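Okay, structure first, notes after.
Since we're looking at a predicted model, the values are computed, not measured. Sequence lines set the chain letters: A, B, ... in the order given, protein chains first and strands last, and positions in each chain run from 1.
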Amino acid sequence: MSKISKAIYEIEHISQMAEKDQWMNRIHPLVKLFLTVFYIFMVVSFRKYDILGVLSMVVYPLIIFMLGDISVKEALYRLRIVLPLVCIVGILNPLFDREIVLYVGTVGLSGGVLSMLSLMLKGVLTVFASYLLIATTSIEKICYALRLLHVPKLLVTQILLIYRYITVLLAQTKKITQAYALRAPEQKGIRHDAWGSLVGQLLLKSMDRAEEVYESMCLRGYQGEFGPDESCAFQVKDAVFLFLWSVVFVLFRIFPVFQIVGAWFI
Amino acid sequence: MHMADALVAPAVAATMYACSTVAGGYSVKKVRLENDPKKIPVMGVMGAFVFATQMINFTIPGTGSSGHLCGGVLLAALLGPYGGFLTMIGVLLIQCLLFADGGLLALGCNIWNMAFYGCFIGALLIWKPLMKKGATKGKIVAASVAGCMITLQLGAFSVTLETLISGITELPFAAFVATMQPIHLAIGLVEGLITAAVLCFVHEARPELLWGVGSSRQEKEGKFSYKTTIAILVVSAAVIGGGISLFASANPDGLEWSMEQVAGTAELTASGGVYETAESIQSTTAVLPDYAFENSESAFGTSFSGIVGGAIVLGGCIGACYLLKLFRKQTENKE
């Protein structure tokens with residue numbers, strides 16, 4: 001499958017998941033957005049050597065993945081972009097920070113190793129949290145939550161329009177690149193002499209499409225701005241969900257929960 | 001160059017969100033003042049266009065590798081700095097949500113590093129001055145290449161600063177900069193050439209689509225003059241650069257960093273009835289103060305209790321989830 005086909009599939013798949021009628025999908029989008037950002041905030045705020053603290057935050061994705069019947073495999077696939085970057089930044093830490101700060105049995109772990117591991121773990125958990133948000137909340141609902149947060153309508157309209165036209169333009173790009181590939185077999189990419197004309201044609205077509213979009217929007221009563229029209233009522237279950245998870249995040253951030261629970265059983 | 005959430009400390013993320021929000025708010029105001037409803041769908045479709053074309057691989061002559069289009073400079077050249085900036089915010093948010101390319105918390109950093117430099121510096125300081133007396137092929141190539149290279153250098157430098165201030169990497173500042181800047185210089189050159197090729201095509205086919213071409217007279221009385229922009233940027237760079245450099249060498253991290261700024265110490269002490277009660281509760285519940293057995297220096301206690309505790313907590317969570325699922329299944333079967 002080509003890169004563009006994969007992207008189209010991924011977008012459609014995520015959109016289908018977000019449209020499912022499941023309990024997690026029915027939680028108010030603002031609650032999910034707030035919790036996701038709060039969770040990420042808490043995860044990245046752990047000290048660089050506090051690997052057990054970061055590890056304890058795995059509780060949130062673990063429970064939501066299980067109860068929400070969300071595929072962990074797909075979430076792991078999304079790590080392909082983030083993890084290499086995080087690894088590049090953290091991989092040299094063991095070379096620069098060699099002081100032993102923790103013993104596991106008799107094996108000493110240097111600060112650099114711990115900070116590298118905690119950085120990677122933070123990378124994984126934050127990606128999981130974002131994935132859980134988008135897998136259970138459609139872009140329209142996220143935009144609705146952004147409007148509740150008073151994000152300007154103009155910006156929200158942009159996000160909605162970009163999202164709406166991504167698959168259309170991806171399909172068009174796929175057609176053009178496929179046609180080029182058929183005329184230039186065994187060539188890796190687009191040759192330099194076709195850079196301008198190939199993308200330029202697509203750009204002009206897109207501009208014309210934008211004109212058509214504008215005209216059809218005007219015919220449907222567009223007057224400069226439009227926003228998500230989905231409205232969700234804030235219910236008691238949303239408040240309970242928000243409160244409980246917020247308390248869990250704060251408790252897990254302040255107290256070394258894993259060590260406390262472990263000590264009860266030793 | 002998309003930064004992940006793990007690479008930024010909360011304080012840095014919040015600062016960059018604040019900076020990007022100011023730039024976003026200003027752009028919204030400017031686009032509203034333009035009062036061109038036709039521009040809104042164009043911005044939306046152009047955002048999707050940038051997203052789609054970034055999937056195309058362009059072969060770099062003489063090498064086995066390929067490059068991509070530079071979205072910020074291209075959008076700024078077509079929509080202007082404000083429209084381009086807002087469109088880039090949309091593209092970055094969707095890339096972050098749909099493809100995990102960049103994090104939600106790091107979105108403020110990414111907007112600043114890629115959209116702000118690409119659109120504001122690229123359009124106002126490079127594209128516009130070069131195009132104000134009309135566009136030629138040479139000028140478009142020069143503006144595109146210079147725009148992409150300079151804005152990518154600024155973006156890469158910001159990534160370095162943001163990561164170092166966050167205390168994420170132990171890499172010395174000089175080594176980090178030496179790693180980031182040259183590679184982005186090469187990327188900027190390639191992206192600039194691809195962007196130039198597209199913009200030259202647009203100039204030949206539909207020159208009216210290019211922003212800021214031959215607009216020296218109309219824009220002269222514009223509120224955001226070239227000199228003012230440079231003055232603002234120089235002052236901002238001096239203040240931000242000077243301020244940040246004071247903190248960069250300390251490499252503190254996360255919440256401690258914020259606390260040190262506010263209270264002068266990473267560990268706050270307080271006295272009084274409420275604090276003493278809270279402290280006594282904490283000392284009772286903290287079975288393993290400082291991650292070790294009480295009154296013990298054993299490091300073994302630290303790791304072992306953590307592993308046991310982790311296994312119990314996670315086991316408990318998994319067990320509870322299975323029970324809940326079982327209960328839900330039984331309820332559904334009964335219905």
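Proximity to chain A (any heavy atom under 4.5 Å) is restricted, for Leu78(B), to the side chain, taken from C-beta onward. When heavy atoms are compared at a cutoff of 4.5 Å, Val50(B) does not approach chain A at all. At a 4.5 Å heavy-atom cutoff, the contact between Leu146(A) and chain B is made by side-chain atoms alone. Of the two parts of Leu74(B), only the side chain, counted from C-beta on, holds a non-hydrogen atom closer than 4.5 Å to a non-hydrogen atom of chain A. For Leu125(A), no part lies near chain B; criterion is any non-hydrogen pair under 4.5 Å. Of the two parts of Leu97(B), the backbone and the side chain both hold a non-hydrogen atom closer than 4.5 Å to a non-hydrogen atom of chain A. Leu92(A) touches chain B through its side chain: at least one heavy atom from C-beta onward sits under 4.5 Å away, while N, CA, C and O do not.
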Applying side-chain contact (heavy atoms from CB on, under 4.5 Å) to Leu170(A) and Met55(B), what does each step give before you reach the verdict? CA-CA 9 Å; Leu170(A) 277 174; Met55(B) 301 262 167; 3.9 Å; yes
Evaluation steps, side-chain contact (heavy atoms from CB on, under 4.5 Å), between Leu193(B) and Trp195(A): CA-CA 9 Å; Leu193(B) 289 171; Trp195(A) 283 358; 3.9 Å; yes
Walk me through whether Thr169(B) and Leu119(A) qualify under side-chain contact (heavy atoms from CB on, under 4.5 Å). CA-CA 9 Å; Thr169(B) 179; Leu119(A) 182 64; over 6 Å; no
Might you work through the salt bridge (Lys or Arg N to Asp or Glu O under 4.0 Å) test for Glu170(B) and Lys48(A), ending with a clear yes or no? CA-CA 11 Å; Glu170(B) 302 298 331; Lys48(A) 59 184 175 184; 2.8 Å; yes
Tell me, with the steps shown, if Met207(A) and Leu209(B) meet side-chain contact (heavy atoms from CB on, under 4.5 Å). CA-CA 9 Å; Met207(A) 283 287 201; Leu209(B) 291 180; 4.0 Å; yes
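For the options Ser197(A), Gly111(A), Gly90(A), Ser56(A), heavy-atom pairs under 4.5 Å to chain B are most numerous at Ser197(A). For the options Ile11(A), Val37(A), Leu121(A), Val127(A), heavy-atom pairs under 4.5 Å to chain B are most numerous at Ile11(A). Each of Pro172(B), Ala175(B), Ala100(B) has some count of heavy-atom pairs under 4.5 Å with chain A, and the biggest count is that of Ala100(B). In terms of heavy-atom pairs under 4.5 angstrom with chain B, the leader among Thr36(A), Ile91(A), Leu62(A) is Leu62(A). Across Leu86(B), Thr87(B), Leu98(B), Leu105(B), the residue that shares the most heavy-atom pairs under 4.5 angstrom with chain A is Leu98(B). Listed options Met46(B), Met43(B), Lys38(B), Lys39(B) were ranked by heavy-atom pairs under 4.5 angstrom with chain A; first place goes to Lys38(B).
With sequence neighbours excluded, the residues forming a side chain to side chain donor-acceptor pair (under 3.5 Å) with Glu208(B) are Arg206(B), listed by chain and number.
Here the straight-line distance linking atom CG of Leu67(A) with atom OH of Tyr322(B) works out to 11.0 Å at 0.5 Å rounding. Atom CD1 in Ile168(B) sits 9.0 Å away from atom OG in Ser115(A) (nearest 0.5 Å). Note: Leu154(A) CG to Lys29(B) NZ = 14.5 Å, rounded to the nearest 0.5 Å. Rounded to the nearest 0.5 Å, atoms CD1 (Ile159(A)) and CG (Leu93(B)) are 5.0 Å apart. Atom CD in Glu10(A) sits 5.0 Å away from atom CZ in Phe99(B) (nearest 0.5 Å). Taking CZ from Phe201(B) and CG from Leu204(A), the interatomic distance works out to 5.5 Å, rounded to the nearest 0.5 Å.
Closest of all the heavy-atom pairs between Ile40(B) and Leu161(A) is O-CD1, 3.7 Å.
Counting non-hydrogen atoms of neighbouring residues, nucleotides and ligands closer than 6.0 angstrom, the CD1 atom of Ile183(B) reaches no more than 12 such neighbours. More than 12 non-hydrogen atoms from other residues, nucleotides or ligands lie less than 6.0 angstrom from CZ of Arg80(A).
Here the side chains of Pro152(A) and Arg32(B) are in contact, with some heavy-atom distance below 4.5 Å. In this structure the side chain of Phe96(A) reaches within 4.5 angstrom of the side chain of Leu171(B), judged on heavy atoms.
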